[in-house]
Q: 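Structure provided below as structure tokens; questions to follow.
Naming convention: chains lettered A, B, ... in sequence-line order (proteins, then strands); numbering from 1 in each chain. If you're wondering where the values come from, they're calculated on a predicted model, not measured in any experiment.
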Protein chains: 4
Amino acid sequence: MLSASASPPKQTRGERTRGALVRAAANRFQERGFDKATTGEIARDAGVAEGTLFLHFGSKTGLLLGVMESFYQSLVEELAEEASRGGTAEARLRHLVHFWLRRVHRDWRLMRVFGQHGRFSDDPDMIVRFAEMNRRITRFFGGIFEDLKAVGAIRSDLPTYVLRDALFGAAEHLLIGMDTTGRERDLGEASEHLCDLLLGPAPPSALRSSTTKRGPVGLEDIDAKLDRILEAVVSDDPPDDPT
Amino acid sequence: MLSASASPPKQTRGERTRGALVRAAANRFQERGFDKATTGEIARDAGVAEGTLFLHFGSKTGLLLGVMESFYQSLVEELAEEASRGGTAEARLRHLVHFWLRRVHRDWRLMRVFGQHGRFSDDPDMIVRFAEMNRRITRFFGGIFEDLKAVGAIRSDLPTYVLRDALFGAAEHLLIGMDTTGRERDLGEASEHLCDLLLGPAPPSALRSSTTKRGPVGLEDIDAKLDRILEAVVSDDPPDDPT
Amino acid sequence: MLSASASPPKQTRGERTRGALVRAAANRFQERGFDKATTGEIARDAGVAEGTLFLHFGSKTGLLLGVMESFYQSLVEELAEEASRGGTAEARLRHLVHFWLRRVHRDWRLMRVFGQHGRFSDDPDMIVRFAEMNRRITRFFGGIFEDLKAVGAIRSDLPTYVLRDALFGAAEHLLIGMDTTGRERDLGEASEHLCDLLLGPAPPSALRSSTTKRGPVGLEDIDAKLDRILEAVVSDDPPDDPT
Amino acid sequence: MLSASASPPKQTRGERTRGALVRAAANRFQERGFDKATTGEIARDAGVAEGTLFLHFGSKTGLLLGVMESFYQSLVEELAEEASRGGTAEARLRHLVHFWLRRVHRDWRLMRVFGQHGRFSDDPDMIVRFAEMNRRITRFFGGIFEDLKAVGAIRSDLPTYVLRDALFGAAEHLLIGMDTTGRERDLGEASEHLCDLLLGPAPPSALRSSTTKRGPVGLEDIDAKLDRILEAVVSDDPPDDPT
DNA sequence: GATGAATGAGAATTCATTCAT
DNA sequence: GATGAATGAATTCTCATTCAT
């Protein structure tokens, strides 16, 4: 989960403890969900007494908040870095979507916990904080959509919220489906398809990116597909939503 | 929630009790989630003793299963009725999507509970049953997508699963967004936009009539068909899910 | 504590359980105070599972309320019976005060718990209920004081509240003193003295009651007192307030 | 609470810390009671680390002891000053009672905590110390009562302990009643009434002059003196308590 | 003297489930 | 079929106290 930071030597004992707790909690929340994960378990994993958990985070919900903040902070950083790579708006979208799919793939269970409790917690603070974090994330994509519309690469008659919901919703369903059914999907391909959907059909010129290139069909293509069909006789099941 | 059926007079006492429990449970699950809803309050709402609940459903999970079955049964019936209205594939899609949005709008919290517990329950029976129900739902849309591709109304390069994930995912995000933020959206408009996205911009010519020929059969045609087969085989067993 | 009722055969299981819990709780509250008594302990004493306690009383505070109600109910009944004995207002006062001293002597620790938590609980319901019970008790004495004033047996220039506070306060301090210091006092004598104080000095005639009779002093009296002085070289400690 | 003394400039750091802790603790004990006040909040209020509290007082009980000592020390000083004003025994009583009412009015919650824990603590040291402090207080009043009896201003047939219990008990009930019911009482009036009760109605003649002789010595006189001795011996060690 | 981080033994409460009637 | 009373394991949270720095 949250990586065991290669800590620059300066860190108080308290900081180390907090870190260990956040990491242990992220793991437990991910694998068992918030409600089924117990504070006892988490403390034990972190190698501290249960009371220490409450010393640092005040409550189980406070701990979740801590995990969320830690998670979204690095997520935003990564996203910022990925988004900083130049290119046309379309290239940036394709790049970010691909990144998003891979990123969410790693942590969708945890993000699902965030979504569930960030939105429906009894603690209003939690709800507010979660909304903020979420906004920081969606902004990245919302901005690009606006750019694309301005440039004419996306039909301007589609409201941004539909595009955004389609993007995040599709990603979520896709990833959950993969994880709960065991069916493997090539995330690169999937993200290309998803972008294709959002961007609409290729404008006259051939801007198509490599994976989706539609050159003349050869026997190789057919053979590859037959292979996949043969494999497909085995797989099984359905997906849901991350955040 | 599940409507208090104007019951045809004949019903055993047991049936009436079961019904009351299912209705009460649906309400509680919806408003408090599965875990926070207690068997005690459900029994009280239903006007029976707590023991009676276990007499009929064996366990809380069993009760959830009962609620799910009752829910999906009517959902499938409604969907079947809506889908039976004729029209072009596109008209059927637009109609069903609109219906879906309105329908899910009413019960998204409950469906969210189903999705959560149907997929991640410890009870394997629960998982299997949920998958079946889900498949019954997705089939309606999957079929239409195939038709639309066949007809050329949807670009055949987009795999069905992407369309399906985009549809269900977008619907879910849209509805949750409405409910948690209080922001009102016109569901009619939203469903039109969503269909516009899925269908892509209207093609220039009259390719939309249902049985247009596309010239001599080439490898491209075969390849396209293999695409459909591939999609069908992979997704008929493990389809995407609308929760 | 609360007497193990010689139950008339009709009593549901629940009633028996409630009774056992109330009795066990009264004991524990009395000997350890409300805060230090644990629900686990009480349940064990009552021979039921800890959960059962909460089934019947909802919370530890609810249990205290149950104990209080049970206690004050019998107290009021006893008081009503004692008060029903006729006689002059003075005779009734002397009788009731004597009864009160004996009664509180038995349960002052418990009554102290009631006073503490009945007045300072966070639960407003508790406070209201306690105030009501208390009023029911004080009314008995307040009424008599009014009668005595009307009759001229008590100086009418003393407000009733002073008399009442002096009575209850003195009783409380007296009893606590006895219990915490181990010093024995004759409750009959003490109640006579207390009444003497409240009533003021004897009117001309010799209404003095038997224990306080001041006949001619004999050597026996002096000898008895010397005995007590000799013993007194050993005793120790101080008192507090019941309710 | 305990006043922030305008300290004579010389005070070690330790003394200042102790003082801050005692003041903070007095406040917390008063408003939340001993058990509900936590060492954490007290330390925070005092502006020191929690560990520091234990450094100075060893335990929470030790802290209470510290507060008690500080409190009773000033109380005794104040009382001594008030008592030093001359006048007849009766005037001194009236003055002291009035002072007592006003004084207790300010701090009855805290004194209640002292009474509760000073008497029922598990720590035997606490009990002993509390008893000593208490004795120092009661002596002031006990002495006056003896004087008044000697002078004939109080009927000598009432044992001192009854007077003392009535005084302290009435004061306590009166003050608690005021605070918990919100009912305002004029403390000046109340103290007059209370003294009137204790002193009884003014005797007809001039028996109140300080050294009135009462004729030839008889057994009655000896007996009365034995009463006083008896009382003194029994109550000088274990006196009644003003809490 | 002082700190702040850590501790761990409780405590109250919850709730799905069982079972005698 | 139905009930209501009982259960007891599990869980979160509190707080006085300790101790290395």
Q: Roughly how many Å is it from CG in D:Leu53 to C1' in E:dT3, rounded to a whole number?
A: 13 Å

Q: Which pair of heavy atoms, one from B:Val67 and one from B:Ala25, lies closest together, and at what distance?
A: CG2-CB, 3.7 Å

Q: What residues, two or more places apart in sequence or in another chain, satisfy side-chain hydrogen bond (donor to acceptor under 3.5 Å, both in side chains) together with C:Gln73?
A: none

Q: Distance under 6.0 Å and angle within 45° of the ring axis: does A:Arg112 meet both against A:Phe29?
A: no

Q: Enumerate the residue pairs fulfilling side-chain hydrogen bond (donor to acceptor under 3.5 Å, both in side chains) with a member in residues 42-54 of chain A, sequence neighbours excluded, ordered by first and then second residue.
A: A:Arg28-A:Asp45, A:Thr39-A:Glu50

Q: Charged N to carboxylate O below 4.0 Å: is that the case for D:Arg129 and D:Glu69?
A: yes

Q: Without decimals, in angstroms, what is the distance between D:Phe57 CZ and F:dT17 C1'?
A: 16 Å

Q: Rounded to the nearest 0.5 Å, what separates atom CG in B:Asp123 from atom OG in B:Ser59?
A: 7.0 Å

Q: Rounded off to whole Å, could you give me the CG-to-P distance for the A:Asp123 and F:dT12 pair?
A: 16 Å

Q: Can you work out whether A:Arg13 or C:Arg13 has the more 5'-proximal nearest nucleotide on DNA chain E?
A: A:Arg13

Q: Quantified in whole Å, what is the P atom distance between nucleotide F:dT21 and nucleotide E:dG1?
A: 22 Å

Q: For E:dT14, which nucleotide in any strand shown is its Watson-Crick or wobble partner with both distances under 3.5 Å?
A: F:dA9

Q: Rounded to whole Å, how long is the line connecting atom CD of D:Glu15 with atom C1' of E:dA2?
A: 16 Å

Q: With both distances kept under 3.5 Å, what pairs with E:dA5, Watson-Crick or G-U wobble?
A: F:dT18

Q: Produce the list of close N/O pairs, under 3.5 Å, pairing protein atoms with atoms of nucleotides 11-15 of chain E; give distances to one decimal.
A:
residue, atom, partner, partner atom, Å
E:dA12, OP1, C:Lys60, NZ, 3.1
E:dA12, OP2, C:Thr39, N, 3.1
E:dA12, OP2, C:Thr39, OG1, 2.9
E:dT13, OP2, C:Lys60, N, 2.9

Q: For residues D:Tyr72 and D:Phe114, establish whether the separation of their ring centroids is below 6.0 Å.
A: yes

Q: Between C1' on F:dT11 and CG on A:Leu63, what's the gap in Å once rounded to a whole number?
A: 15 Å

Q: Between P on F:dT21 and CZ on A:Arg16, what's the gap in Å once rounded to a whole number?
A: 11 Å

Q: Of B:His56 and C:His56, whose closest DNA chain F nucleotide lies nearer the 5' terminus?
A: B:His56

Q: Rounding to a whole Å, what distance do you find between D:Arg44:CZ and E:dT3:C1'?
A: 16 Å

Q: How long is the line joining CD1 of D:Ile42 and P of F:dT17, in whole Å?
A: 11 Å

